[in-house]
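Each chain gets a letter, A, B and so on, in the order its sequence line appears, and its residues count up from 1.
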Amino acid sequence: MPFVQEILKHRSLSIVGLEKNTGKTVCLNYILRRLDELGVPVGVTSIGVDGEQVDSVFATAKPEVTLYEGTRFITSEQHYLKRQAVSVLEHVDSRRTALGPLVTARVLVRGKVLLSGAATTGVLRGQIAQLGNAGCRLAIVDGALSRLSLASPTVTDCMVLATGAAVSANLKQLVAKTRFLHSLICLDEVSPTLREALGQVEQGLWGVDDEGVPHDLGIASVFLIGSAGGDLLRYGHTLFASGAVSDRLLKALTPLGKDITLVARDFTKLFITPEVYNDFTRKGNRLMMLQRSKLIAVTLNPTSPQGFLLDSRNACDALSDALQTPVYDVMKIEQ
Amino acid sequence: MKIKELIKGDAGFQYVVDSMELMSAAGRRKLLDTEWSTDTAWLDAEWDRLEKAIAAVHEYKYKKPYIDLRHCLMQLHDLRGTLASLANHTPLNEVELFELKSLAQLCRNATGAIEGLGMGDLLPLPDLDRVFEILDPDHTGIANFYIYDSYDPRLGPLRRELSALQIAGDNPERIAALLAEQSEIQSEVCLRLSDELVRWAPTLSEALEQMAYCDLLFAKAELSIAWNLTRPAVGKKTAFSGLVNPRLKQRNEATGLRYQPVDISIEHGVTLITGANMAGKTVLLKSIGSAQCMVQCGMYAPAEKAETMLFDSVATSIGDDQDEMNGLSSYAAEIIKISDIVRRSRTEHLLVLIDEPARTTNPTEGKAIVQALIGIMQKAASATLITTHYGQLGGDCRRLRVKGFVEDMSDLPLNPRNINLFIDYSLTEDASGEVPHEALRIASILGCDEELLKKAKESL
């Protein structure tokens, strides 16, 4: 059974997709079934609304999440009342979502459940802790749409990345897009000392001096970076962006010279395109992470919502080669 | 008038309300729904309860009963909607039934905590044990909930079959049929339970409201302790000794600045307050307005000693309500407010606080307006405080002056940051009708442009 043992070394797992319909839910079902066989108590929630029976964009049938006896789950009141599992309510949150308050329940008789969850990572973190306190050894967060924020190492300990024909029906493009995100996820981490120093920083762009001490560069927004120019390197060639790293930031740094190390909080803060990133690195600059996400596995859904089907073996091989990591066909591992 | 309307006023009462740490949404609702009261008996009773709550917080702050109570209140959900549905015979769903069971358990736990605080007589909570029992057929004693097998004899066998089929993973048609049947039975049970609970709706509401009140009372107690508030007394006059403006005091203390409390008595008729710029006239009006709101909403007063008459309402015109979007200039917005106050004062017993009326128009007519205002308010059955820079206003009204700058300050190293050290904010009776002429001197301390000052002095 691939990668499930690896998951068990962690306390929380996120399943994120490059796109909608990349098989996140199939992958989640697989993991849940394996964990049930191993008798591991798990908790499950989602970010945003997910788990709808019919995909709301493409109107294709979507597999529901099957939860097993003893599993705790968090979902909204509206979805809870539609569940097929028999379960006992343990907690109702005072915050309300569009679908009523979020409720926590424990499964008595297995069955399908619609998952929905908090819309913010702050609340999500609280829920992961809550599931842990209730005795779940592992908390799993199902991703919604193509949101990545839940895979931030500040939210979940490890992640599974789902990709598939929905990203692109062209195998080359699929590989290129997946490889790019994969390369960002796998960027090197800074040293523990620097991580500690930068961990205190809350906002803005910072320059790190030779002693590893960060100094605020006084740039409130990336939109104001243009006028700063070479001044950005006054403390040293290591910069720390506490918020989002965008193409605009990379473009501003690229002409300043080489040997710039730009540190981002984690890969979920990167909003950059391959072309701009490649320009940045080609000049001898590099991007590093304060904290790297632990990528457990990459899964592939060979079917696209438009009905296009990739050759599973071919696609998995091509991706494995490109990423240098095993890639699993979700439709096959589920069988 | 309720607190939720009072906080929209310009006396700064919003800050007081925002500073209260309520544990629950229901408690916050209770706070915002508190009515401005002119009922001495209610106020006295409320202050009695508050006094006891303060004593209890002092005694039990970090001890079990108080921690338990706060924990209960933190978990309190505002179930008004659910309780209204119940009372209207709308069947409740599983989640709503769970909420009622939780409320029953919270109520039981809170009762224990309140008794631990020695306040059982003051804050009696209803007995909801029967509600808990109805929702706990298996006598688990835990506030979890689902449609238990014991609610209907058909459920047990059905779920056992369902479980077996689900584990085997076959016969989806039979599973679908069983799920449909289960859903049917569950609905029946929900309906039955809702029927059984209808008669408990008023008691459940009482428990919710009483716990919300409990939250409010202890939030007031905590604020009274944190801000060192004083129990006011209702009397024939209003007199505050050591009155503070909580917001400014907090700010000054946080930034290491001095804060000077003031003494003031308020009488019927008009009191004219004069004083140099920066002498704290506006702050004084806001302090009085917000203190009166606190007192008449059953809170303690931000003063060392407080005696107050009870007013029907507080009417204010403080600050600049200029609103270009409404097409109102500063002057227009102000005149609308003031004329409203004049009209109301004919029928109501008001505390009127007006900051520098008619300051944004020409001094000749402006002064005439203030003179007329004084004349009318002097005869009204209200207490009116008016600050002004206009001198020689006629009439036999009472006059107070903020003492202002200490003695001779020409040799002092003044700057905008330390200026407050050299201002005496206390009030003194002043029958002269004169106003201080220190605008230029203060402008100079504030670093006003030399040429501007020089030209101004020349044209005096």
Side-chain angles (χ1 to χ4, degrees), chain A residues 29-30 32-34 36-37 39 53 61 63-114 116 126 130 133-135 334-335, chain B residues 22-28 73-79 81-82 91-103 105-106 135-136 138 140 142-149 155-156 158-169 172 175-180 182-183 185-187 190:
Chain A
N29 272 327
Y30 162 75
L32 288 171
R33 184 162 54 79
R34 290 302 193 202
D36 176 59
E37 285 164 11
Q53 280 153 314
E64 291 158 297
V65 180
T66 301
L67 299 182
Y68 300 86
E69 289 76 5
T71 303
R72 283 191 166 75
F73 63 101
I74 297 176
T75 190
S76 65
E77 177 184 20
Q78 293 302 313
H79 282 167
Y80 184 75
L81 296 172
K82 288 183 189 151
R83 76 203 184 281
Q84 297 190 352
V86 180
S87 59
V88 51
L89 274 166
E90 294 188 329
H91 180 75
V92 175
D93 201 276
S94 56
R95 285 175 293 243
R96 297 189 71 86
T97 70
L99 297 169
L102 294 177
V103 307
T104 310
R106 181 169 41 87
V107 177
L108 298 176
V109 177
R110 68 183 62 183
K112 291 167 180 170
V113 169
L114 300 169
S116 43
Q130 187 199 326
N133 291 339
E334 178 59 0
Q335 282 153 19
Chain B
L22 277 304
M23 298 284 122
S24 65
R28 179 149 286 274
L73 295 172
M74 241 184 270
Q75 297 174 68
L76 183 66
H77 291 185
D78 198 350
L79 301 182
T82 305
L92 302 184
N93 68 34
E94 262 183 273
V95 176
E96 291 168 319
L97 290 169
F98 170 87
E99 295 260 42
L100 295 191
K101 190 173 177 181
S102 299
L103 179 62
Q105 197 190 40
L106 273 185
L135 296 170
D136 192 31
D138 295 349
T140 61
I142 304 166
N144 288 348
F145 184 74
Y146 77 115
I147 304 299
Y148 296 89
D149 289 359
L155 278 174
L158 183 150
R159 283 170 174 164
R160 279 191 289 279
E161 186 186 350
L162 181 66
S163 175
L165 288 172
Q166 290 278 29
I167 289 168
I175 289 179
L178 286 174
L179 285 171
Q182 175 187 241
S183 170
I185 299 171
Q186 287 187 345
S187 300
C190 283

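Within the model, atoms CE of B/Met74 and OG of A/Ser94 stand 11.0 Å from one another, a figure rounded to the nearest 0.5 Å. A distance of 10.5 Å separates CG in B/Leu162 from CZ in A/Arg110, rounded to the nearest 0.5 Å. Atom CD of residue A/Glu90 and atom OG of residue B/Ser102 lie 11.5 Å apart, to the nearest 0.5 angstrom. The CZ atom of A/Arg83 sits 4.0 Å away from atom CD of B/Glu94, with the distance rounded to the nearest 0.5 Å.
At a threshold of 4.5 Å between non-hydrogen side-chain atoms, the residues A/Arg106 and B/Asn144 count as touching. A 4.5 Å side-chain heavy-atom check between A/Gln84 and B/Ile175 finds every atom pair outside the cut-off. Two residues are said to be in side-chain contact when any heavy atoms from C-beta on lie closer than 4.5 Å; A/Leu108 and B/Arg159 fail this criterion.
With chain A as partner, the option from B/Leu76, B/Asp78, B/Val95 having the largest number of non-hydrogen pairs under 4.5 angstrom is B/Val95. Interface remark: of the candidates A/Val109, A/Leu89, A/Thr66, A/Leu89 forms the most heavy-atom pairs closer than 4.5 Å to chain B.
Neither the backbone nor the side chain of B/Ile142 comes within contact range of chain A; no heavy atoms are under 4.5 Å apart. The parts of B/Gln166 that come within reach of chain A are both its backbone and its side chain, each placing non-hydrogen atoms under 4.5 angstrom from that chain. Using a 4.5 Å cut-off between heavy atoms, A/Val103 touches chain B through its side chain atoms alone. Looking at B/Gln182, only its side chain comes within 4.5 Å of chain A, counting heavy atoms on both sides.
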